[in-house]
Amino acid sequence: MKSVISIFSRNRPDSFEALVEPHLEHLYRLAYRFTGGREDAEDLVQELLYRLYPRVAILRKVEVLRPWLSRALYNLFVDGTRRQRSDPLALAEDDRALAPEPSGDTPEAEAENDRARRRLTEALQALAPEERVLVSLHDVEGYTLAELEQILEVPLGTLKSRLHRTRKKLRGLLSMEPFAADLRVKG
Amino acid sequence: MNCTQFQNRLDDFLDGTLTGLPEEGAQEHYEQCPDCRRLVASERHLRTMLRDLPIEPASPGFAARALRRARQRHAGPGRSAFAAGFGSAAAIALVIWAVAGRVQAPAPSGPPAGIRMAVAEQRQVNLVFEVPTEIAGAELAMELPSHVELAGYPGRTTLTWHTDLARGRNVLTLPIVGRASAEGELVARISYGSKEQQFRVRLNVEDPQASFLGTGVDRA
């Protein structure tokens, strides 16, 4: 719209709205991955904006805003989950939700895909918040480990090992481990 | 390389970050071990599912609403001398004039007489907001009558901006196109915190051909 209509001739390009609005869709996506639901995601982003609004002077000094905002959102999310003291394994105890669905050669392939996605979503919610954030950012949203090192302020080596453990845990939650214990070790 | 060693390097194998001997060993084991090939296929499937996980879009208007709420939460009484007197008619003076492309000297003070234009004519309408002090995070909303439209935005009758108002003169330029012969009002609303002020501009669009044929509506 700005390319067609001249808005106020002295509009500040560094106003809070001008700084933050280009990143809101991205922040909502992250928040959705963190929380697993639209309502919680919107609440998380809203809370972030409440806290950032009086600090616009700080935002104006940030060179690259997106990773900074992503980190702020992550910190807010983690702080919130710590306060709530949620049990991240509660869902995992629901074997009905995570039990493998029988597959077969039927025209219900689409329904099977939906079930698989639901199981995956539930498994992600069963991870600890920091684990869910890591998998969401790397495997779902495609952030590189180098980018996550900046956003999460965790050393690269630590991120790699955490990601490895989290993926293994996720596979376990999904019961997608193809090996039984007695087949795990071969010569 | 055995299965345990391969599994320990599974992520690096899939990410393509193994090099040298570990890469060769992993590739060789992958080609020779059906169980590990199944594991790799399973892990690739999981990663594909993760990448393809759908996301529920935000509710309509979420971004604008969230920004507005953040602004409103921090715009309380006493935060701005302007906000305290916002309801006063003297707080904002609105002068409007219409020119064909260039902002010229303001029209004489007093209520605007309205803007007359022809069907299919595009007229640059400049709304000038005179404010006594800087306002951060104001919301400007525009409602257009149905017989005009904004050039480049057919069918849009409402527009909303969030912007800062500088002290003094702030000019909003609207490229208005007359669609049909009619008379109506453009309504502009400025909101800041819990305050709102509204301005109206008459827009009279005439059909030159109808006038020529003597069938134009006399609205005087």
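When reading the values below, keep in mind they use all heavy atoms of this one structure, side chains included, and skip hydrogens, waters and symmetry mates. Order of the sequence lines fixes the chain letters, A, B, ..., with proteins taken first and strands second; residue numbering starts at 1 for each chain. Computed from a predicted model, the values in this text were never measured in an experiment.
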Pairs satisfying salt bridge (Lys or Arg N to Asp or Glu O under 4.0 Å), at least one member in residues 62-72 of chain A, at least two apart: A:R71-A:E153

Toward chain B, the part of A:L24 with a non-hydrogen atom under 4.5 Å: side chain

Atom pair CG (B:L67) and CD (A:E21), whose distance is rounded to the nearest 0.5 Å: 5.5 Å

Within 6.0 Å of CZ in A:R38, more than 12 heavy atoms from elsewhere: yes

Residues, nucleotides or ligands: over 12 heavy atoms within 6.0 Å of B:R116 CZ: no

From A:L174 atom CG to B:H45 atom NE2, the distance as rounded to the nearest 0.5 Å: 9.5 Å

Among A:V140, A:L163, A:V20, residue most engaged with chain B (heavy-atom pairs, under 4.5 Å): A:V140

Residue pair B:L46 / A:R171: nearest heavy atoms and the distance that separates them: CD2-CG, 3.8 Å

Considering all heavy atoms, the nearest B:R71-A:Y53 contact: CG-OH, 3.2 Å

Nearest heavy-atom neighbours spanning B:Q7 and A:H164: O-CE1, 4.0 Å

Best-contacting candidate, A:E47, A:E141, A:K160, A:E39, against chain B by heavy atom pairs under 4.5 angstrom: A:K160

Where A:E42 and B:F62 come nearest, the two heavy atoms and their spacing: CB-CE1, 3.5 Å

Side chain / backbone / both / neither for A:V135 at chain B, heavy atoms under 4.5 Å: side chain

Test item: B:L50 and A:L124 side chains (from C-beta on) under 4.5 Å apart, heavy atoms: yes

Under-4.0 Å salt bridge between B:D52 and A:R117: no

Region of B:P54 in contact with chain A, defined by heavy-atom distances below 4.5 Å: both

Chain B contact via A:A116 - side chain, backbone, both or neither, heavy atoms under 4.5 Å: both

Interatomic distance, B:R47 atom CZ to A:R167 atom CZ [nearest 0.5 angstrom]: 3.5 Å

A:R29 versus chain B, the contacting section by heavy-atom distance below 4.5 Å: both

Chain B contact via A:L52 - side chain, backbone, both or neither, heavy atoms under 4.5 Å: neither

Enclosure of A:E25 CD (heavy-atom neighbours >12, cutoff 6.0 Å): no

